Chemist: 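Before I ask anything, here is the structure I am working with.
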There are 2 protein chains.
Amino acid sequence: MFQIDRFGRTPIYEQIIDQTQRLIASGILKEGDQLPSVRALSQELSVNPNTLQKAYSELERRGLCVSAPGNGRFVTADAFRLVGEGTKERLEELKKIAEELCAAGMPEDQVLHAVNVAYGKETDA
Amino acid sequence: MFQIDRFGRTPIYEQIIDQTQRLIASGILKEGDQLPSVRALSQELSVNPNTLQKAYSELERRGLCVSAPGNGRFVTADAFRLVGEGTKERLEELKKIAEELCAAGMPEDQVLHAVNVAYGKETDA
DNA sequence: GTAGTGTACTATCCGTTATAGTACACTTGA
DNA sequence: TCAAGTGTACTATAACGGATAGTACACTAC
């Protein structure tokens with residue numbers, strides 16, 4: 001369910017946050033679904049429970065999940081809408097890179113093509 | 001000439017590298033132009049000279065500038081072409097974000113629109 | 001010769017990340 | 001009731017990267 005890259009610069013707890021958000025955004029995790037427990041996931045990924053606790057706390061702070069002590073941790077009803085709002089920021093990042101590429105003299109065609117490939121509308125020629 | 005963000009997670013030396021590359025890519029820095037000296041820039045930005053030295057060494061390693069000890073540091077003839085190759089990687093980043101947005105269910109129109117805005121083809125509606 | 005340039009090196013401080021270990025409260029279900 | 005599994009809280013520590021401080025030396029231009 002989760003893939004951890006131990007060599008990149010992105011901290012593990014942040015990778016967990018990102019990936020959970022994507023699972024929600026893509027509908028794989030829905031309202032009411034239970035997230036893996038800190039202990040179980042800690043074994044599966046060979047990661048310290050505290051690290052996962054940190055990630056889950058942040059997800060909870062963002063309103064994507066709630067904890068039921070003694071029971072588990074579950075995706076909230078608002079989760080899907082909330083991560084949807086988050087994608088606006090990602091779009092801004094994309095725009096920023098596009099501006100840079102424009103400034104660097106890259107033709108717009110190539111950028112549009114890349115987007116089409118990402119959306120499966122064109123093949124990567 | 002340079003803008004440092006001391007609060008973000010991107011290290012200062014990396015910001016210097018990025019910004020120098022952009023200045024070259026956009027043609028503001030041309031072949032033969034002298035880069036600010038480590039000492040001068042260190043005062044202007046209130047940054048340790050060693051940090052700037054680190055950035056400049058990396059730029060040199062990438063072939064974007066050469067040092068003339070006792071004289072200064074200058075943009076190479078290949079610099080423009082080399083940063084042009086670097087933009088391919090940036091395009092890959094953009095594509096990756098586009099894939100995420102696709103997975104998150106954002107309509108492709110919005111992404112294409114963002115690119116058009118970045119290229120000045122459309123206004124930010 | 002002086003001023004300004006690049007270069008090299010050591011040492012230190014600090015924040016973030018991740019880990020280890022422990023303890024406690026809660027809920028579920030046999 | 002009690003055991004197992006859940007979340008939570010806390011302290012302590014190690015490791016790493018980034019940035020700084022300070023010093024010293026070699027080179028070039030004027």
Side-chain angles (χ1 to χ4, degrees), chain A residues 1-21 24 29 31-76 79, chain B residues 1-21 24 29 31-76 79:
Chain A
M1 198 168 191
F2 292 95
Q3 283 292 336
I4 297 301
D5 172 22
R6 301 185 104 82
F7 301 104
R9 211 185 312 189
T10 333
I12 297 180
Y13 78 94
E14 202 158 310
Q15 295 182 43
I16 298 291
I17 293 173
D18 289 347
Q19 292 184 34
T20 308
Q21 288 188 142
I24 293 172
L29 279 179
E31 170 184 357
D33 284 354
Q34 180 169 8
L35 294 175
S37 82
V38 287
R39 287 179 178 83
L41 195 55
S42 120
Q43 286 209 342
E44 183 186 331
L45 303 177
S46 299
V47 165
N48 193 284
N50 294 333
T51 306
L52 302 173
Q53 174 74 16
K54 187 174 182 180
Y56 278 166
S57 300
E58 176 60 21
L59 286 170
E60 195 155 347
R61 199 191 62 78
R62 299 187 189 174
L64 302 184
C65 60
V66 286
S67 66
N71 198 357
R73 191 175 257 110
F74 304 90
V75 177
T76 63
Chain B
M1 198 172 194
F2 291 95
Q3 283 292 336
I4 297 301
D5 171 23
R6 302 185 103 83
F7 301 104
R9 212 184 314 191
T10 332
I12 297 180
Y13 79 94
E14 203 157 307
Q15 295 182 43
I16 298 291
I17 294 174
D18 288 348
Q19 292 185 33
T20 309
Q21 287 188 141
I24 293 171
L29 279 178
E31 169 182 359
D33 284 353
Q34 180 168 7
L35 294 175
S37 81
V38 287
R39 287 180 179 80
L41 194 55
S42 120
Q43 285 209 341
E44 183 188 331
L45 302 177
S46 299
V47 165
N48 193 286
N50 293 335
T51 304
L52 302 173
Q53 174 73 16
K54 187 173 182 181
Y56 278 166
S57 300
E58 177 59 21
L59 286 170
E60 196 155 345
R61 199 192 62 79
R62 300 187 189 175
L64 302 184
C65 60
V66 286
S67 65
N71 198 358
R73 190 176 257 110
F74 304 91
V75 178
T76 63

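Quantities reported herein were computed from a predicted structural model and do not represent experimental measurements. Per chain, numbering begins at 1; letters A, B, ... match sequence-line order. Basis for what follows: all heavy atoms, side chains included, without hydrogens, waters or symmetry-related copies.
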Chemist: Looking only at side-chain atoms of Tyr13(B), point me to the closest of dT19(C), dT20(D), dG18(D).
Modeler: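 Side chain of Tyr13(B) sits closest to dG18(D).
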Chemist: Check the distance between dA3(C)'s C1' and Gln43(B)'s CD and give it to me in whole angstrom.
Modeler: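 Whole-Å distance recorded here is 14 Å.
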Chemist: Shortest non-hydrogen contact from Thr20(B) to Phe2(B)?
Modeler: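 Closest approach of Thr20(B) to Phe2(B): OG1-CE2, 3.3 Å.
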Chemist: Okay, side chain of Glu60(A), backbone of Ser67(A): is any donor-acceptor separation there less than 3.5 Å?
Modeler: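 Yes; judged by distance alone, with no hydrogens or angles, the pair exists.
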Chemist: What heavy-atom pair brings Leu52(B) and Ser42(B) nearest, and what distance separates the two atoms?
Modeler: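 Of all heavy-atom pairs spanning Leu52(B) and Ser42(B), the closest is CD1-N, 3.2 Å.
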Chemist: Before accepting this row, confirm whether a basic side-chain N of the pair Glu58(A)/Lys54(A) lies closer than 4.0 Å to the acidic partner's carboxylate O.
Modeler: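 No, this pair does not count.
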Chemist: In whole angstroms, how far is the P atom of dT28(D) from the CZ atom of Phe74(B)?
Modeler: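 In whole Å, dT28(D) P and Phe74(B) CZ are 13 Å from each other.
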Chemist: Roughly, in whole Å, what's the span from CG in Leu45(B) to P in dT20(D)?
Modeler: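 Answer to the nearest Å: 10 Å.
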Chemist: Whole angstrom is fine here: how far is it from CZ in Phe7(A) over to P in dA18(C)?
Modeler: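 Atom CZ in Phe7(A) sits about 13 Å away from atom P in dA18(C).
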Chemist: Just by protein heavy atoms under 4.0 Å, how would nucleotides 21-30 of chain C read 5' to 3' in B, S and -?
Modeler: B-B--BBS--
Chemist: Establish, with yes or no, whether the OP1 or OP2 oxygen of dG5(D) is under 4.0 angstrom from a side-chain nitrogen or oxygen of Arg73(A).
Modeler: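 Checking dG5(D) against Arg73(A), no side-chain N or O comes under 4.0 Å of OP1 or OP2.
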Chemist: Between dT8(D), dG6(C), dA18(C), which nucleotide has the shortest distance from any of its atoms to the side chain of Ser67(B)?
Modeler: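 Among the listed nucleotides, the one closest to the side chain of Ser67(B) is dG6(C).
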Chemist: Measure from CG on Leu41(B) to C1' on dG6(C) and round the result to the nearest Å.
Modeler: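 To the nearest whole Å, that distance equals 14 Å.
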Chemist: Arg6(B) versus Val47(B): any side-chain heavy-atom pair under 4.5 Å?
Modeler: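 SC-SC contact between Arg6(B) and Val47(B) confirmed.
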Chemist: So with a 6.0 Å cut-off around CD of Gln43(A), is the heavy-atom count from everything else above 12?
Modeler: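 No, the 6.0 Å shell around CD holds no more than 12 heavy atoms from other groups.
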Chemist: Do Asp5(B) and Thr10(B) come close enough that some side-chain heavy atom pair is under 4.5 Å?
Modeler: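 They are not in side-chain contact.
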Chemist: Indicate whether OP1 or OP2 belonging to dA19(D) is found under 4.0 Å from a side-chain N or O atom of Lys54(B).
Modeler: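 False: Lys54(B) side-chain N/O out of range (4.0 Å or more) of dA19(D) OP1/OP2.
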Chemist: Expressed in angstrom and rounded to an integer, what is the separation of Leu35(B) atom CG from dG6(C) atom P?
Modeler: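 It works out to 9 Å between those atoms.
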Chemist: Rounded to the Å, how far apart are Asp5(A) CG and dT17(C) C1'?
Modeler: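 Checked: the CG to C1' distance equals 15 Å.
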Chemist: Taking only side-chain nitrogens and oxygens of Ser57(B), does any of them come within less than 4.0 Å of OP1 or OP2 of dT7(C)?
Modeler: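 Answer is no, no contact under 4.0 Å.
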Chemist: Determine the contact category for Ser37(A): base if any of its heavy atoms lies under 4.0 Å from a base atom, sugar-phosphate if only primed atoms, P, OP1 or OP2 are that close, otherwise nothing.
Modeler: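 The residue Ser37(A) makes sugar-phosphate contact but no base contact.
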Chemist: Measure CZ/Arg9(A) against P/dT17(C) and give the value in whole Å, please.
Modeler: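 Going from CZ in Arg9(A) over to P in dT17(C) covers 12 Å.
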